[in-house]
Asker: 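Quick one: the structure is below, questions incoming.
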Protein chains: 2
Amino acid sequence: MAGDDEKRSVFGEQAGSVELLWGGRERPSRGPKPGLSLERITRTAMAIADLGGLGAVSMQRVAGELDFTKMSLYRYVPGKTELVALMVDTAMGEPPAPADGAAGNWRTALRDWAEQLAAAFRRHPWLLEAATGPRIMGPNELGWTERALAALADTGLNGGEQLDAVVVVTGHIRAITQVSASLGLGSTQAKEPEQVMSALLNELLVGRSDRFPALTAALASAAETDSRDQSLEFGLERILDGLEAYIARRAAP
Amino acid sequence: MAGDDEKRSVFGEQAGSVELLWGGRERPSRGPKPGLSLERITRTAMAIADLGGLGAVSMQRVAGELDFTKMSLYRYVPGKTELVALMVDTAMGEPPAPADGAAGNWRTALRDWAEQLAAAFRRHPWLLEAATGPRIMGPNELGWTERALAALADTGLNGGEQLDAVVVVTGHIRAITQVSASLGLGSTQAKEPEQVMSALLNELLVGRSDRFPALTAALASAAETDSRDQSLEFGLERILDGLEAYIARRAAP
DNA sequence: AGAAACTGTATCCGACGGACACTGATTTGT
DNA sequence: ACAAATCAGTGTCCGTCGGATACAGTTTCT
């Protein structure tokens, strides 16, 4: 079939991911029935990643959890990268339904979307690591950006600006959740990540406050103020403010 | 010395990084003279990463490039993670001097800072991968955030807000450069990364435009408009707009 | 009754980060 | 002057990783 050749030429090495994520490979009629399934493998790998991070996911480990040999997995998945791609798209899940009250209001729709995205990242912290860089997106992931773009469709932004706006928002969500996330893998999980972070920073700054005066002052001021946890909200609102101003400036004559 | 114990207790496993990045380990008096230096090792590793990405950096490779054995590197560096930390701080380099015309103008100072940061990421694309997540920051990296905070010191933002603002900006720079960067490692480097990206996306969307109408429309609109490359600027200006509005709102009675 | 197609396994490979024991060079204290 | 202490670099070994390949057993089609 010509389509396969075309796919292979356009997608290059990532044709496997495309087929796995998008193409519904039909069960062959001959041969023994498979004892595993893509779904089971993916779920198992996700469970491992949820507990021990992406680094804990190895073919051996996944197969062992399923009481199979490592190599049996390669009957279902071309390689580990493709498995991770599957994990990512599954972990993202169906894009969230647009909130009821958000109809016609791009700002609350986008804010809602961003918070749902942050929630997904918090559910599966390894997503930050796994869904990084440009890769082949699965249906779910593409559905997420579809939702965000749909919220911006009637704002007067052109296509490129809409895409840029989504990039800004996701970039912020990623940056924020990254700080809070991977610290959870540290030894004791007892303290809040923010506290650990500032504790380490403060320790570094001891005796060096003259070299980093602004940092020292900012940390001291932040320590006085009430508990910081509004980083996500603060940045998000600033971005939305900036978008709103731009949109308004455009709409006006 | 009590300080060492304290360091070890606070920094945990990352004490090695701290000592390497911050503490100036004095040369021991006894024993043969070292044939290598931290600096030479780091530079070599960086050169390898610049050419082949972070994945190409292995102890074997670095040592081979220096005509030494793999294990000899462990006389200078506790482990690979610490070496990468050194690479990161060296690659970041001295924080850029504040631009001349930017004195007293936080907006242009911060914009300038952000573009310098993007330039650093473009110089060493592996920084995106290596300087990810919360880790021990070196003097240079800390100097960068010091500069950014210094630009925001007189804005009326409190310490937490200043930190949040820096996080938003860096998050955006990272998000933008990430898209443009790791595609360069792809096969032919001939096309622009943006073009490759949209080509793949368009291929995926063929026959599925009904499922992703907003995306299809946005991509079509973006293709009409002039070449996209303003993603960095667009998002950055939106963020700065949002910050400016917030600052103004605060300053007003 | 084959032959073809398929699943799962066993074995092997190269590369990785790192532990450990060792040789040889250099400095210090006696 | 000499021995003990200290340190640089090497060689060897281990466990783990992703993956290629060859093969045995199973199911279906002709």
Side-chain angles (χ1 to χ4, degrees), chain A residues 13-17 19-20 24-42 44-45 48-49 52-87 126 129-130 135, chain B residues 13-17 19-20 25-42 44-45 48-49 51-87 126 129-130 135:
Chain A
E13 309 172 338
Q14 307 195 294
S17 292
E19 189 188 0
L20 220 64
R25 315 194 297 177
E26 65 273 9
R27 243 273 266 131
S29 52
R30 267 174 280 206
K33 296 157 199 165
L36 280 173
S37 70
L38 258 186
E39 218 248 331
R40 225 154 81 81
I41 294 174
T42 309
T44 308
I48 295 173
L54 198 61
V57 177
S58 75
M59 295 289 139
Q60 319 228 41
R61 184 83 200 289
V62 176
E65 215 81 27
L66 292 162
D67 278 313
F68 274 78
T69 335
K70 168 182 74 166
M71 291 313 291
S72 68
L73 302 184
Y74 288 93
R75 292 281 167 198
Y76 302 81
V77 167
K80 197 194 177 181
T81 45
E82 288 81 1
L83 173 57
V84 174
L86 264 177
M87 292 168 61
W126 45 271
E129 196 175 336
R135 64 233 124 58
Chain B
E13 308 172 339
Q14 306 196 294
S17 292
E19 191 189 358
L20 222 63
R25 314 195 298 177
E26 64 273 8
R27 244 273 264 135
S29 51
R30 268 173 285 209
K33 297 157 198 164
L36 280 173
S37 71
L38 258 187
E39 217 248 332
R40 224 153 82 79
I41 295 175
T42 310
T44 309
I48 296 172
L51 289 180
L54 198 60
V57 176
S58 76
M59 295 289 139
Q60 319 228 39
R61 185 80 201 288
V62 175
E65 216 80 28
L66 292 162
D67 278 314
F68 274 77
T69 333
K70 169 182 74 166
M71 291 312 291
S72 67
L73 302 183
Y74 288 94
R75 291 280 168 195
Y76 301 82
V77 167
K80 196 195 178 180
T81 44
E82 287 81 2
L83 173 57
V84 174
L86 264 178
M87 292 169 61
W126 46 270
E129 196 176 335
R135 67 232 123 57

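Here the structure is a predicted model, which means the values were calculated and not measured. Chain naming here is simple, since letters A, B, ... match the order of the sequence lines and numbering starts at 1 in each.
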Asker: Give a yes or no answer on whether the side chain of B:Thr42 reaches the backbone of B:Leu38 with a donor-acceptor pair at less than 3.5 Å.
Answerer: yes

Asker: Within the structure, does a side-chain N or O atom of B:Tyr74 lie under 4.0 Å from either OP1 or OP2 of D:dG9?
Answerer: no

Asker: Choosing from D:dT16, C:dG17, D:dA8, which nucleotide comes nearest the side chain of A:Gln60?
Answerer: D:dT16

Asker: Of the nucleotides D:dG9, D:dC17, C:dA10, which one has an atom closest to the side chain of A:Ser58?
Answerer: D:dC17

Asker: Which part of the nucleic acid does B:Phe68 contact within heavy-atom distance under 4.0 Å: base, sugar-phosphate only, or nothing?
Answerer: sugar-phosphate

Asker: Might you point out which heavy atoms bring B:Val62 and B:Thr44 nearest each other, and give the distance in Å?
Answerer: O-CG2, 4.1 Å

Asker: Can you measure B:Tyr76 atom OH to C:dG18 atom C1' for me and round it to whole angstrom units?
Answerer: 18 Å

Asker: Does B:Met59 reach the side chain of B:Val77, with side-chain heavy atoms less than 4.5 Å apart?
Answerer: no

Asker: Please report, rounded to the nearest Å, how far the P atom of D:dC17 is from the CG atom of A:Leu83.
Answerer: 14 Å

Asker: Among D:dG19, D:dG9, C:dG17, which nucleotide has an atom closest to any side-chain atom of A:Met71?
Answerer: D:dG19

Asker: Select base, sugar-phosphate, or nothing to describe what B:Ser72 touches, counting heavy atoms under 4.0 Å on all strands.
Answerer: base

Asker: Grab the CD-C1' distance between A:Glu26 and C:dC6 for me, whole Å please.
Answerer: 14 Å

Asker: Restricting to non-hydrogen atoms, name the atom on A:Pro34 and the atom on A:Tyr76 that form the minimum distance, rounded to 0.1 Å.
Answerer: CB-OH, 3.2 Å

Asker: Could you tell me whether the side chain of B:Arg75 reaches within less than 4.5 Å of the side chain of B:Leu36, counting heavy atoms only?
Answerer: no

Asker: Taking the nucleotide of DNA chain D with the nearest heavy atom to each, does A:Val57 or B:Leu36 sit closer to the 5' end?
Answerer: B:Leu36

Asker: Closest-nucleotide mapping onto DNA chain C: is A:Leu73 or A:Lys70 further toward the 5' terminus? I mean the 5' end.
Answerer: A:Leu73

Asker: Take atom CE of B:Met59 and atom P of D:dG9, then tell me their distance rounded to the nearest Å.
Answerer: 16 Å

Asker: Quick check: do B:Glu82 and B:Glu19 have side-chain heavy atoms less than 4.5 Å from each other?
Answerer: no

Asker: Sugar-phosphate means primed atoms, P, OP1 and OP2; the rest is base. With that split, encode nucleotides 21-30 of chain C 5' to 3' as B, S or - using protein heavy atoms under 4.0 Å.
Answerer: ---BBBBS--

Asker: Between C:dG18 and B:Lys80, counting only base atoms on the nucleotide and side-chain atoms on the residue, is there a donor-acceptor pair under 3.5 Å?
Answerer: no

Asker: Could you give the CZ-to-C1' distance, from A:Arg61 to D:dG15, as a whole number of Å?
Answerer: 16 Å

Asker: Counting C-beta onward and ignoring hydrogens, is there a side-chain heavy-atom pair between B:Met87 and B:Leu54 closer than 4.5 Å?
Answerer: yes

